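So the structure is just underneath, and the comments pick up after that.
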Amino acid sequence: MRRPFVAVLALAAAAAVIPLASPAPAATGGVIIGGQPVDIAQSPWTVALSSRDRFGGTRAGQFCGGVVIGPSLVLTAAHCLGPLVLGGPPERVRDLRVIAHRGDLLSDKGEEIPVSKTWVNPAYDAAANAGDFAVLTLASPLPQSSVIRMAAAGDAAYAPGTEAAVYGWGDTSGGGDYALTLRSVGVNVLSDATCERAYPGNADGTYRAVSMLCAGELEGGRDACQGDSGGPLVARGRLIGLVSWGSGCGQPGNPGVYTRVSDVARVLGSRR
Ligand code: ARG
């Protein structure tokens, strides 16, 4: 997402100056925004997507997050594989890899696994940010213990008020301070009515309850941010969302929007 990515970052940076308006406790210094470092062993299903060719080696080429949903299957956001991020079709990124079991991007722990196949949800609508998911097939499998279960439709983990946690190596300030080690922050699942009120049809996107869910704090402060996309939102030990979009990061009234995993499960189920 070369251009828009930078544009969004600039927006986020501009917005980062505004939070003076609200004394949100954690507008700076988080994960992700408002979070803390976490041991990768606690979330072995969280992986980083990497291409050093495209993004350089200073952070091991990390550009998005992903989640292990089967020994050889990683779920991520469709927009992470879009031409605006990768500069062309994913097949052309020769060194596209999944980095697993490595919390510190600069360490040599864990493994870097080549991606043998990419599949982008054909219903992904980039203009609306809807249906934002894609599946990567790994060239070699991860252990079953690294797999997280997807919460099915109707699972209590989707209920408004549920405490969830989001994981990633993204911007920790809204100003382009990308993390070197995995971070996590707790956010609450919000009601569809709240999410619709926050995003009735903004320039950044429109909330659609079928394929999205939103989470955060109405007062702002805890959120995912740029670079966290595709990473997991977990509640009750199950995967409920993938980091997708939002207006700025951690701003009051602008919760983070996630791909709703029950919709992913529905689409993937109907393919089999
Ligand atoms: N689109 C962003 C990415 O590519 C994720 C933005 C999430 N924003 C938010 N406020 N939760 O990394």
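As the structure lists them, so they are numbered: ligands from 1, and atoms in each ligand from 1. On a predicted model such as this, the values are computed, not experimentally measured, just so you know.
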Mind checking whether [X] has a heavy atom under 4.0 Å from ligand 1?
X	answer
G170	no
H79	yes
S244	yes

Test item: side-chain donor near acceptor, [X] and [Y], under 3.5 Å:
X	Y	answer
S211	D263	no
T172	D177	no
H79	S229	yes
N254	S247	no
D192	Y207	yes

**Study point:** Any L138 side-chain heavy atom under 4.5 Å of L73 side chain
**Key:**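 Not in contact.
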
Short list, please: which atoms of ligand 1 are under 4.0 Å from a heavy atom of [X]?
X	result
G227	3 (C), 12 (O)
G256	11 (N)
D223	9 (C), 10 (N), 11 (N)
D228	12 (O)

**Study point:** Part of C64 within contact of ligand 1 (heavy atoms, under 4.0 Å)
**Key:**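 Near ligand 1, C64 shows nothing, with every heavy atom at 4.0 Å or more.
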
Practice item. Specify side chain, backbone, both or neither for A77, according to which of its non-hydrogen atoms lie closer than 4.0 Å to ligand 1. Key: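 Neither part.
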
Taking distance alone, with N or O pairs closer than 3.5 Å, would you say [X] contacts ligand 1?
X	value
S229	yes
G248	yes
V243	no

Exercise for review: Closest by any non-hydrogen atom to atom 8 (N) of ligand 1: pick that one out of W169, F63, W245.
Suggested key: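 Closest candidate by heavy-atom distance is W245.
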
Practice item. Give the minimum heavy-atom separation between R59 and L180, together with the two atoms involved. Key: CG-CD2, 3.7 Å

Point to revise | Sub-6.0 Å ring centroid separation between Y167 and W45 | key: yes

Point to revise | Test item: D171 side-chain N/O and Q226 main-chain N/O as donor-acceptor pair under 3.5 Å | key: no

